2 protein chains.
Amino acid sequence: MSIASDIIRGHTDAIILARLLLKDSYGYEINKAILRSTDQEFELKEATLYSAFKRLEELALIRSYWGDETTGARRKYYAITDKGKEEYYKMKKDWLYARQIIDKLLSSEDIYEE
Amino acid sequence: MSIASDIIRGHTDAIILARLLLKDSYGYEINKAILRSTDQEFELKEATLYSAFKRLEELALIRSYWGDETTGARRKYYAITDKGKEEYYKMKKDWLYARQIIDKLLSSEDIYEE
DNA sequence: CATAATACCTCGCCTGTCAAGGTATTTTGT
DNA sequence: ACAAAATACCTTGACAGGCGAGGTATTATG
């Protein structure tokens, strides 16, 4: 089972920020971590991930720096900024709020029906 | 507080179908019912609503018929089809699944961190 | 008698996802 | 030794859904 694009849309930024809240990381690792933490059930598509990085950096919610790997492929690390942390908490609040509204609307039970 | 377009996206169809599961209804009433059932906290934008109707009817998840009002403006009623009911249950399952995944990803707690 | 409410609809912009394509390096299996 | 897989980055362009802005017509209300 997979999550439809239209459902994941609007959450990718928060998902990425949540990872960066734990520690600085880079694209490939973030994706693997998401896979791992959802028991291989969910992963962001690469194109989605990298376009999100671009967007988040433009908004100054994250900043990037190249790692100094002596071995392996070069890695571009991302760190969450203070502004990013603030936004993350807002996004999480928004999610909790939206979740409750959607739950209500899909429950199909109206008490105050006319 | 309002729900961002990107979060609502992917749920409008299910929200509309949920209403039609209760009873046949028309655009204006559906929107008012959504408003009422969320304590005026949420409503679909008209353009979103009508484009959803079009999409859902093309997919044969709903069908429409004109009401025979003797008074007031004409109303276009919508009814959910059997296919629509099936799809609704799928959508609801998808929502429950996605909700759990998103909750997990926004919890920022990794037990199996390397 | 104007304004709000009811009720429908379309056009075109904007944004985010993602399939498909690309590059370069390193590790692994045979 | 060499091919294949894994690691790691990135761009382009198509596509779809939300919605602002605009429109029409009728009825109710202050």
Side-chain angles (χ1 to χ4, degrees), chain A residues 2-17 24-36 42-59 61-62 64-78 91 94 98 101-102 105 114, chain B residues 2-17 24-36 40 42-59 61-62 64-78 91 98 102 114:
Chain A
S2 68
I3 299 184
S5 318
D6 283 337
I7 292 189
I8 214 52
R9 190 178 172 130
H11 299 297
T12 49
D13 291 359
I15 289 168
I16 291 170
L17 292 177
D24 289 12
S25 189
Y26 54 97
Y28 201 81
E29 190 188 43
I30 287 174
N31 236 2
K32 294 296 164 203
I34 289 171
L35 248 181
R36 207 180 341 106
F42 176 70
E43 77 174 326
L44 291 172
K45 301 298 178 304
E46 268 195 36
T48 304
L49 185 70
Y50 288 108
S51 69
F53 281 147
K54 204 185 162 192
R55 181 173 54 248
L56 290 169
E57 193 163 20
E58 274 163 6
L59 292 169
L61 305 189
I62 61 175
S64 64
Y65 56 94
W66 286 100
D68 56 346
E69 278 66 48
T70 44
T71 175
R74 90 225 138 107
R75 297 169 176 173
K76 194 177 192 177
Y77 281 86
Y78 291 96
M91 288 174 189
D94 288 350
I101 296 278
I102 296 166
L105 290 171
E114 77 278 29
Chain B
S2 66
I3 299 183
S5 319
D6 282 337
I7 292 189
I8 214 52
R9 189 177 172 133
H11 299 298
T12 49
D13 290 358
I15 289 168
I16 292 169
L17 292 178
D24 288 13
S25 189
Y26 55 96
Y28 200 80
E29 190 188 43
I30 287 173
N31 235 3
K32 294 297 163 200
I34 289 171
L35 248 180
R36 208 180 338 107
Q40 332 296 318
F42 176 70
E43 75 174 329
L44 291 172
K45 300 301 179 303
E46 269 195 35
T48 303
L49 185 69
Y50 288 108
S51 68
F53 281 147
K54 203 185 163 193
R55 181 173 54 248
L56 289 170
E57 194 164 17
E58 274 163 7
L59 292 171
L61 306 189
I62 60 175
S64 64
Y65 56 94
W66 286 99
D68 55 345
E69 279 67 48
T70 45
T71 175
R74 90 225 139 110
R75 296 168 176 174
K76 195 177 192 177
Y77 281 86
Y78 291 97
M91 288 175 188
I102 296 167
E114 79 280 27

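Chain naming here is simple, since letters A, B, ... match the order of the sequence lines and numbering starts at 1 in each. None of these values were measured; they are calculated from a predicted model.
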Close N/O contacts between protein and nucleotides 21-25 of chain D (under 3.5 Å):
none

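- Spacing between atom CZ of B:R75 and atom C1' of D:dT27 amounts to 12 Å, rounded to whole angstrom units.
- Taking for each of A:Y78 and B:A4 the nucleotide of DNA chain D with the nearest heavy atom, the 5'-most of the two is the partner of A:Y78.
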Which atom pairs link the protein and nucleotides 13-15 of chain C when you take only N or O atoms and keep those under 3.5 Å?
{"residue": "C:dT15", "atom": "O2", "partner": "A:R9", "partner atom": "NH2", "Å": "2.7"}

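- For D:dG18, one of the phosphate oxygens OP1 or OP2 lies less than 4.0 angstrom from a side-chain nitrogen or oxygen of B:T12.
- Taken from CG in A:L35 to CD1 in A:I30, the straight-line distance is 13.0 Å, to the nearest 0.5 Å.
- The side-chain contact (heavy atoms from CB on, under 4.5 Å) check on A:D94 picks up B:M1, with sequence neighbours excluded.
- Across all non-hydrogen atoms, the minimal contact from B:I15 to B:F42 is CD1-CE2, 4.3 Å.
- OP1 or OP2 of C:dC8 has not a single side-chain nitrogen or oxygen of B:Y26 nearer than 4.0 Å.
- Between A:G10 and B:W66, the one whose closest nucleotide on DNA chain C sits nearer the 5' end is B:W66.
- Here C:dC8 presents its P atom at 14 Å from CG of B:L44, a figure rounded to the nearest Å.
- Within the structure, a side-chain polar atom (N or O) of A:K76 is placed less than 4.0 Å from OP1 or OP2 of D:dC10.
- Minimum atom distance to the side chain of B:Y50 is reached by C:dT10, of the listed C:dT17, C:dT10, D:dG18.
- In this structure, the separation between CE on A:M91 and NE2 on A:H11 is 11.0 Å, given to the nearest 0.5 Å.
- Among residues at least two apart or in separate chains, side chain to side chain donor-acceptor pair (under 3.5 Å) pairs with a member in residues 46-58 of chain A are A:D13-A:R55, A:E57-A:S64.
- Atom CD of A:E43 and atom P of C:dA19 are 10 Å apart (whole Å).
- Every residue was checked against the side chain to side chain donor-acceptor pair (under 3.5 Å) condition with B:Y28, not counting sequence neighbours, and none meets it.
- Take A:N31 and apply the side chain to side chain donor-acceptor pair (under 3.5 Å) test, not counting sequence neighbours, and it matches no residue.
- Across the helix from C:dC1-D:dG30 to C:dT30-D:dA1, the helix axis at one end is tilted relative to the axis at the other end by 30° (nearest 10 degrees, each axis from five pairs).
- With sequence neighbours excluded, the residues that form a side chain to side chain donor-acceptor pair (under 3.5 Å) with A:R75 are A:Y26, A:Y77.
- Listed here is the closest heavy atom pair of A:L61 and A:L17: O-CD2, 4.2 Å.
- Considering only residues two or more places apart in sequence or on other chains, A:S5 meets the side-chain contact (heavy atoms from CB on, under 4.5 Å) condition with none of them.
- Atom-to-atom, CG of B:L59 to P of D:dA16 comes out at 12 Å; the value is rounded to the nearest Å.
- Put simply, CG on B:L49 and CD1 on B:I34 are 7.0 Å apart, with the number rounded to the nearest 0.5 Å.
- Picking from C:dC8, D:dC10, D:dG18 the nucleotide with the shortest atom distance to the side chain of B:Y28 gives C:dC8.
- One atom, CG of A:N31, and another, P of C:dC18, lie 11 Å apart when rounded to the nearest Å.
- The NZ-P distance, from A:K32 to D:dA5, rounds to 15 Å in whole Å.
- For A:F53 and D:dA8, the CZ to P distance is 13 Å, given to the nearest whole Å.
- When the side chain to side chain donor-acceptor pair (under 3.5 Å) test is applied to A:T12, no partner is found at least two apart in sequence or on another chain.
- Residue A:E57 contributes atom CD, which lies 9 Å from atom P of D:dC10 at whole-angstrom precision.
- Within 4.0 Å of B:T48, counting heavy atoms only, lies at least one base atom of the nucleic acid.
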